[in-house]
2 protein chains.
Amino acid sequence: MPTSITRTYSRYSRDAAALFGALIRQARNELKITAQELADRAGISRGLLQRIEKGNLKCEIGAVFEVAAIVGVKLFDANDSTMTKHLHQTKEKLTLLPKSVRKKSKAVHDDF
Amino acid sequence: MPTSITRTYSRYSRDAAALFGALIRQARNELKITAQELADRAGISRGLLQRIEKGNLKCEIGAVFEVAAIVGVKLFDANDSTMTKHLHQTKEKLTLLPKSVRKKSKAVHDDF
DNA sequence: TAAATATGGATCATAGAAAGACCATAAAAC
DNA sequence: GTTTTATGGTCTTTCTATGATCCATATTTA
């Protein structure tokens, strides 16, 4: 076997993903929609949704975010501390937020 | 071209990933470590770190969480509202958290 | 200034994630 | 009870994200 690349994950990453998945599943159950329906709405397969809800770390983050957004589990809520805490300090991030579009001074340095 | 499956993402997912990547980059700059060094520590390539910092949604969530944890950008902080808010309501999630390990009543229904 | 280092981006091969079946069991609905 | 329906898991194929390597441009250091 030619060097299979087994990635290691920290405890924190595993816990975070597991909890995030559990939140999604809980929200889905409260909404009373089936796994198949949620998967369809997110544009993913039911199998992938299963892995997301189990906290599998080898899922693309886009799929996870989509599912989470649909059922209403959002990491980044406008009035939530997790993000806003970090937000008020820097200027770099302003270019990223949809609301405040800054005009660049001279050349294009940001590629977002 | 035989039907490439182009996935679509919601506005929210794109913004969340972009902001998350920006937070990582900001934290890395404040720590004054190079992209290569952070990538090495996370066990990923520099190219992947670049994409994470740019908010690319097609990255595995495990890699994103690892990087975030290293530089100290944590979605799920113990005393942070984003997670704890949802946490105090359900019992299902308790099996997931490292601290509170419940003993199952009879058979093994949970596979975590 | 020049030399060294860091970053952005592009290309390519491949390990592996995702889709799409499948089946078995579990849970609802009847 | 029976009949749907939902879920968990496995397997195979398709597709793509990742790592590696390259180069160009910034940025830093001497």
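So that the names make sense, note that chain A is the first sequence line, chain B the second, and so on, each numbered from 1.
- We find that CG of B:Leu49 is positioned 17 Å from P of D:dA17, with the value rounded to whole Å.
- Ring pair B:Phe20/B:Phe65 is perpendicular by interplanar angle, where above 60° counts as perpendicular and below 30° as parallel.
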Discussion item. Quick one, B:Arg28 with B:Glu53, criterion salt bridge (charged side-chain N to carboxylate O under 4.0 Å, His left out). Give me CA distance, side-chain angles, the key distance, then yes/no.
Written reply: CA-CA 10 Å; B:Arg28 177 172 68 80; B:Glu53 290 187 344; 2.8 Å; yes
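- Each of C:dA18, C:dT7, D:dG9 was ranked by its minimum atom distance to the side chain of B:Arg28; first place goes to C:dT7.
- The nearest whole Å value for the distance from the CD atom in B:Glu60 to the P atom in D:dG19 is 8 Å.
- Atom CG of residue B:Leu49 and atom CZ of residue B:Arg51 lie 10.5 Å apart, to the nearest 0.5 angstrom.
- If you measure from atom CD1 of B:Ile52 to atom P of C:dT7, you get 15 Å, rounded to the nearest angstrom.
- Across C:dA18, C:dG9, C:dT7, the shortest atom-to-atom separation from the side chain of B:Lys54 is found for C:dG9.
- In this entry the distance linking CD1 of A:Ile24 with C1' of D:dT7 reads 17 Å, nearest Å.
- Across D:dG19, C:dT7, D:dA6, the shortest atom-to-atom separation from the side chain of B:Thr34 is found for C:dT7.
- Using a 4.0 Å cut-off on heavy atoms, the residues of residues 37-46 of chain B that approach DNA chain C are B:Arg46, listed by number.
- Residue B:Gln50 is the one, among A:Ala63 and B:Gln50, whose nearest nucleotide of DNA chain C lies closer to the 5' end (criterion: closest heavy atom).
- For B:Arg41, the salt bridge (charged side-chain N to carboxylate O under 4.0 Å, His left out) partners are B:Glu37, not counting sequence neighbours.
- Going from atom CZ of A:Arg14 over to atom CG of A:Asn56 covers 12.5 Å, rounded to the nearest 0.5 Å.
- Note that CZ of B:Arg46 is 12.0 Å distant from CG of B:Leu38, once rounded to the nearest 0.5 Å.
- Rounded to whole angstrom, the span from the CG atom of B:Asn56 across to the P atom of C:dA10 amounts to 12 Å.
- Residues B:Arg7 and A:Ile44 form a side-chain contact, since some pair of their non-hydrogen atoms from C-beta on lies under 4.5 Å apart.
- Here the P atom of nucleotide D:dT5 and the NZ atom of A:Lys32 are 18 Å apart, to the nearest Å.
- From A:Thr34, atom OG1 reaches atom CG of A:Asn29 across 10.5 Å, with rounding to the nearest 0.5 Å.
- Comparing A:Ile33 and B:Cys59 along DNA chain D, the residue whose closest nucleotide (by nearest heavy atom) sits nearer the 5' end is A:Ile33.
- Considering CD1 of A:Ile52 and CD of A:Glu60, their distance stands at 8.5 Å, rounded to 0.5 Å.
- Listed pair B:Arg7 / D:dA17 fails the phosphate criterion, with no side-chain N or O lying under 4.0 Å from OP1 or OP2.
- To the nearest 0.5 angstrom, B:Ile70 atom CD1 is 7.5 Å from B:Ile33 atom CD1.
- End-to-end axis angle for the helix from C:dT1-D:dA30 to C:dC30-D:dG1, using five pairs per end and rounding to 10°, comes out at 60°.
- For C:dG8, the OP1/OP2 oxygens have a side-chain nitrogen or oxygen of B:Arg25 closer than 4.0 Å.
- Taking atom CD1 of residue A:Ile61 and atom C1' of nucleotide D:dT16, one finds them 17 Å apart after rounding to whole Å.
- Rounded to a whole Å, the CG atom of B:Asn29 is 11 Å from the C1' atom of C:dA6.
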